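Note sheet for the following structure.
If you read the sequence from its start, that first residue is 1, and numbering goes on from there. The basis for the numbers below is simple: all heavy atoms, side chains too, and nothing from hydrogens, waters or symmetry mates. As the structure is a computational prediction, the values presented were derived from the model and not from experiment.
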Amino acid sequence: MANNGDITVGEGSVAFADAVMTSGHPAPASAVETGPSGFAARLVRLRVAAGLSQTALAGDDLSPSYISLLESGKRSPSADVVERLARRL
């Protein structure tokens, strides 16, 4: 298991979900900023660290273009999407 900044990659990827969610609600808009501490930057960092393409991270239930929108900060994920991404990372 590797530590990638303030998020643990591997068995503790639930920490990813915890880092961007509060009380089961999607992250506030400020957490979606593309700055170094935002959701978008964390998602890119974790995906790259896991060796996944946007297509692989998207799986069968999300589209690669949706992953791109999340990584660019143009969309905010629901709690369900955050949990699915955390399991894949």
Side-chain angles (χ1 to χ4, degrees):
M1 180 175 359
N3 189 308
N4 196 352
D6 55 349
I7 304 293
T8 302
V9 179
E11 293 176 25
S13 46
V14 173
F16 171 73
D18 292 342
V20 296
M21 302 204 26
T22 306
S23 303
H25 298 288
S30 62
V32 181
E33 296 172 5
T34 56
S37 63
F39 174 85
R42 289 177 181 181
L43 181 59
V44 173
R45 191 169 57 238
L46 289 169
R47 179 182 59 78
V48 170
L52 297 172
S53 65
Q54 289 179 338
T55 301
L57 180 58
D60 295 331
D61 56 337
L62 302 172
S63 71
S65 58
Y66 180 65
I67 300 299
S68 177
L69 290 170
L70 292 174
E71 290 184 351
S72 67
K74 294 179 181 177
R75 292 288 184 272
S76 298
S78 67
D80 178 58
V81 169
V82 170
E83 289 175 18
R84 284 188 267 166
L85 293 173
R87 284 192 298 268
R88 294 172 190 167
L89 293 168

Compare every heavy atom of Gly73 with every heavy atom of Ala40, then report the nearest pair and how far apart it is.
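Closest heavy-atom pair between Ala40 and Gly73: CB-N, 3.8 Å.
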Rounded to the nearest 0.5 Å, what separation is found between the CG atom of Leu46 and the CG atom of Leu52?
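Result: 10.0 Å between the selected atoms.
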Could you tell me the separation between the CG atom of Leu85 and the CG atom of Asp80, rounded to the nearest 0.5 Å?
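It comes to 9.5 Å.
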Contacts of Arg47 that satisfy salt bridge (Lys or Arg N to Asp or Glu O under 4.0 Å) - sequence neighbours left out:
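In terms of salt bridge (Lys or Arg N to Asp or Glu O under 4.0 Å), with neighbours along the sequence ignored, Arg47 is linked to Glu71.
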Please table the atom pairs, donor to acceptor, closer than 3.5 Å between any side-chain atom in residues 63-70 and protein atoms at least two apart or in another chain.
| residue | atom | partner | partner atom | Å |
| --- | --- | --- | --- | --- |
| Ser63 | OG | Ser65 | OG | 3.1 |
| Ser63 | OG | Tyr66 | N | 3.0 |

Non-hydrogen side-chain atoms of Arg88 and Leu62 separated by less than 4.5 Å
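Yes, their side chains come closer than 4.5 Å.
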Same cluster (ILVMFWY, side-chain, under 4.5 Å), Leu43 and Val81
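Looking at the clustering, Val81 is in the same group as Leu43.
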Name all pairs fulfilling the salt bridge (charged side-chain N to carboxylate O under 4.0 Å, His left out) condition that reach into residues 48-57, sequence neighbours left out, sorted by first residue then second.
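Residue pairs passing salt bridge (charged side-chain N to carboxylate O under 4.0 Å, His left out), neighbours aside: none found.
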